[in-house]
Amino acid sequence: MNGGSNSYLHKETIMQDIKAILKERAVGASLTVKGWVRTKRDTKNAIFLELNDGSCFANLQCVFDNNAMDDALRQAMESVSTGAAVAVSGSLVDSPAAGQPVELKASGLEIYGESPADAYPLQKKSHSFEFLREIAHLRPRTNTFGAVARVRHQMAFAVHSFFEERGFNYVHTPLITASDCEGAGEMFQVTTLDLDGIAKRGEAVDYGKDFFGKPAYLSVSGQLNVETYCMALGKVYTFGPTFRAENSNTPRHLAEFWMIEPEMAFAELPEDMALAEDFIKHLLGWALDKCGEDLAFFDKRVQPGLMAMLEAVRSSPFAHMSYTDAVKELEKHADAFEFKPYWGCDLQTEHERYLTETVIKGPLIVTDYPKDLKAFYMRQNDDGKTVRAMDVLVPRIGEIIGGSEREYRYDLLVKAMLDKKLKPEDYWWYLDLRRYGSAPHSGFGLGFERLMRYVTGMENIRDVIPFPRAPKQADF
RNA sequence: UCCCCUGUAGCUCAGUUGGCAGAGCAAGUGGCUGUUAACCACUGGGUCCGUGGUUCAAAUCCGCGCGGGGGAGCCA
């Protein structure tokens, strides 16, 4: 554990991560800590190294006696600077100074990797998120992005725990699809054809020679596929990457993002909405319970009031409003909008924000949208005008969930396809679900990174995923 | 894709009517100090995004290109 022959570590110490050390506070214990130097401060009598090993937000302060270092240790210390990877051994003591309850009274030091101070991009100061985005390989070493990474892990884990507790099966839907009919946005094409060569030779593209024998794409949604397993296992969900080739350049869109799509057999829209509300509350509650230290940082430095907001959402019922009522509400305040609301209009961002931030001041579920605004597979209401869709809107983020009860009646589904200029034969296997044992079912999609924006308070979606992909942006 | 803003030291930014390139932080050196966004002094540090133009003179004005941010649309 102690490394090479030039080690100045004490050999008989216990290796622990900083999270455990700060939790247990075993004063008197001999310890070895391995991590990265966040800051180094010299004084006459002591040298302070603050170490972070990623296990938690907090650093461990290691204190070396500046008057009791031999030449070898002093020389090693000379080459330690912000960013260096080191191991420090010593004994845990109560800290005589304010700022930390315990600290490591250090005597051993080993350097694994230096980090030249005149070149290392991360300084002992705050950096803009825009700058850090350009060094995405180093930004997880900062307070903010370390916290984002830990929260992201916990949220992914919470997704699975939520569905596991409720008897859902996790289904892996394909990322590559050869059907050009998912209808949820522009798709990335996948090919093994030599496009350069074909272009140089001036030939026409023959997809019969492509890998799949026809054009193939990255999936924009797992929903249609997961419905097949829903009609067999009852309660299912997907959680995986999703790809949209839209040329959208906003703080809330990515070309590659992660989406969670549950689907419940025999469930109608009210159960779907209840699931969505429980899901959001489970996730926010999990974050509050498991990531308090990280959230406290976001609350202090990124989004003041964040934790109180999350607590409030967790403990109060979501508001409900039909699309028709929402438009009536908006029409009362038509002067406030650039786009005047009317029945049949798509709700603009300004409309959604007004509803959640001004009218409701919290999460709002809007239901029963005009059928012309929504996808073909949504269950049609008896009024002939609306479908059983529901969008969960939250302040600051806007739409975080989009879902619906699905149309399970064969004839009505085919008619909806034709109305939207889709070819039923392209959806033959999807239609089979309505021919053999069709049943009411409902589901929704939650954008994982939008959830992350909501939970952390981070404004830009590119800062809540490790390596964001967006138009003209695929570095790292 | 459209609209607006923006690009100057490692980072964040200032730079007046077009007239010798600046500050804070970071880095280096020294000092002080159980420090904790440490403090004090000194030092080094520039393709002013690129390109073309206007001008005696361009970081500054104009055209084009590229990058970044915000808003809109698409949506999760």
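Just so it is clear, the values below take in all heavy atoms, side chains as well, and ignore hydrogens, waters and symmetry mates. Each chain gets a letter, A, B and so on, in the order the sequences are listed, and its residues count up from 1.
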Checking side chain to side chain contact (heavy atoms under 4.5 Å, CB included) for the pair A/R38/A/N143: CA distance, chi angles, key distance, verdict?
CA-CA 10 Å; A/R38 281 294 175 82; A/N143 285 336; 2.8 Å; yes

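- Toward the 5' end of RNA chain B, the nearer of the two residues A/S248 and A/W258, judged by each one's closest nucleotide, is A/S248.
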I'd like a table of donor-acceptor pairs (distance under 3.5 Å, sequence neighbours excluded) in which one partner is a side-chain atom from residues 385-398 of chain A, with atom names and distances.
from   : atom 1 : to     : atom 2 : distance (Å)
A/T386 : OG1    : A/N381 : ND2    : 2.9
A/T386 : OG1    : A/D383 : OD1    : 3.1
A/T386 : OG1    : A/D383 : OD2    : 2.7
A/R388 : NE     : A/N381 : OD1    : 3.0
A/R388 : NH1    : A/E405 : OE1    : 3.1
A/R388 : NH1    : A/E405 : OE2    : 3.4
A/D391 : OD1    : A/K374 : NZ     : 3.3
A/D391 : OD2    : A/Y369 : OH     : 3.3
A/D391 : OD2    : A/K374 : NZ     : 3.0
A/R396 : NH2    : A/R453 : O      : 2.6

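- A donor-acceptor contact shorter than 3.5 Å is absent between the side chain of A/H320 and the backbone of A/V366.
- Every salt bridge (charged side-chain N to carboxylate O under 4.0 Å, His left out) that A/R152 has, sequence neighbours left out, goes to A/E449.
- Of the P atoms belonging to B/G67 and B/A76, the separation is 28 Å, rounded to the nearest Å.
- A/Q123 contributes a side-chain N or O that forms a donor-acceptor pair with the base of B/G10 under 3.5 Å.
- For B/G67, the paired base is B/U6 (Watson-Crick or G-U wobble, both distances below 3.5 Å).
- Applying the Watson-Crick and G-U wobble criteria (two distances, each under 3.5 Å), B/A72 pairs with B/U1.
- Here A/Q348 does not reach the OP1 or OP2 of B/A72: none of its side-chain N or O atoms lies under 4.0 Å away.
- Considering only the side chain of A/K125, B/G24 comes nearest among B/A72, B/G24, B/A76.
- Under the 30°/60° scheme for interplanar angles, the aromatic rings of A/F337 and A/H351 are found to stand perpendicular.
- Remark: the A/H127 side chain and the B/C11 base include no donor-acceptor N/O pair separated by less than 3.5 Å.
- Residue A/R450 contributes atom CZ, which lies 4 Å from atom C1' of B/A76 at whole-angstrom precision.
- Between B/G30 and B/G65, the two C1' atoms lie 48 Å apart (nearest whole Å).
- Of the candidates A/F467, A/F145, A/F476, A/F476 is the only one forming a ring-ring contact (aromatic ring centres under 6.0 Å, His included) with A/H137.
- Taking every heavy atom of residues 131-147 of chain A and every atom of RNA chain B, pairs under 4.0 Å involve A/F131, A/R133, by number.
- One P atom belongs to B/U16, the other to B/G7, and the distance between them is 12 Å to the nearest Å.
- When rounded to the nearest whole Å, the span between CG of A/D475 and P of B/C66 equals 16 Å.
- Across B/G70 and B/G45, the matching P atoms stand 36 Å from one another, rounded to whole Å.
- Smallest separation of non-hydrogen atoms from A/V455 and A/A287: CG1-CB, 3.7 Å.
- The same atom, P, is picked in B/U17 and in B/C11; the two are 28 Å apart, to the nearest Å.
- Contact annotation: A/T349 side-chain N/O to B/G71 OP1/OP2 distance is not under 4.0 Å.
- Atom NZ of A/K300 and atom C1' of B/A37 are 10 Å apart (whole Å).
- Atom pair A/K472:NZ and B/C66:P shows a separation of 8 Å (rounding to whole Å applied).
- Atom name P, nucleotides B/A14 and B/A57: the rounded distance is 29 Å, in whole Å.
- Within the shown strands, nothing qualifies as a pairing partner of B/G18 under the Watson-Crick or G-U definition with both distances less than 3.5 Å.
- Scored by the side-chain hydrogen bond (donor to acceptor under 3.5 Å, both in side chains) test, A/Q154 finds A/W286 as partners (sequence neighbours excluded).
- Taking atom NE2 of residue A/H253 and atom C1' of nucleotide B/G71, one finds them 13 Å apart after rounding to whole Å.
- At a threshold of 4.0 angstrom between heavy atoms, the contacts of A/N249 include nucleobase atoms, whether or not backbone atoms are also involved.
- Within 4.0 Å (heavy atoms only), A/I260 reaches no atom of the nucleic acid at all.
- Remark: A/F297 engages A/F57 in a ring-ring contact (aromatic ring centres under 6.0 Å, His included) (not counting sequence neighbours).
- The closest side-chain heavy-atom distance from A/T82 to A/L122 is not below 4.5 Å.
- When the P atom of B/A27 is taken as reference, atom CG of A/L122 falls 12 Å away, rounded to whole Å.
- Counting to the nearest Å, the C1' atom of B/G70 and the CZ atom of A/F129 are 16 Å from each other.
- For the C1' atoms, the distance from B/G69 to B/C13 is 15 Å, rounded to whole Å.
- Counting heavy atoms from C-beta on, the side chains of A/E256 and A/R244 never come closer than 4.5 Å.
- Atoms CG (A/D346) and P (B/A76) sit 11 Å apart, rounded to a whole Å.
- Across B/U12 and B/U8, the matching C1' atoms stand 12 Å from one another, rounded to whole Å.
- If you find the closest nucleotide of RNA chain B to A/P471 and to A/G445, the one lying nearer the 5' end belongs to A/P471.
- Contacts of A/I401 with the nucleic acid, taken as non-hydrogen atoms under 4.0 Å apart, involve only primed sugar atoms and P, OP1 or OP2.
- Using a 4.5 Å heavy-atom threshold, the side chains of A/P262 and A/F168 count as touching.
- Phosphate contact (OP1/OP2 of B/A72, side-chain N/O of A/R252, threshold under 4.0 Å): present.
- The partner of B/A27 is B/U43, by the rule that a Watson-Crick or G-U pair needs both atom distances under 3.5 Å.
- B/C61 is paired with B/G53 under the Watson-Crick or G-U wobble criterion, all donor-acceptor distances under 3.5 Å.
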With the criterion being N/O to N/O and under 3.5 Å, what pairs connect the protein with nucleotides 28-35 of chain B, and how long is each?
from  : atom 1 : to     : atom 2 : distance (Å)
B/U33 : N3     : A/D42  : O      : 3.4
B/U33 : O4     : A/K44  : N      : 3.2
B/G34 : O6     : A/E103 : OE2    : 3.4
B/G34 : N1     : A/E103 : OE1    : 3.4
B/G34 : N1     : A/E103 : OE2    : 2.5
B/G34 : N2     : A/Q61  : NE2    : 3.0
B/G34 : N2     : A/E103 : OE1    : 2.4
B/G34 : N2     : A/E103 : OE2    : 3.2
B/U35 : O2'    : A/R41  : NE     : 3.3
B/U35 : O2     : A/R41  : NE     : 2.8
B/U35 : O2     : A/R41  : NH2    : 2.9
B/U35 : N3     : A/Q61  : OE1    : 3.0
B/U35 : N3     : A/Q61  : NE2    : 3.2
B/U35 : O4     : A/Q61  : NE2    : 2.8
B/U35 : O4     : A/Q100 : NE2    : 3.0

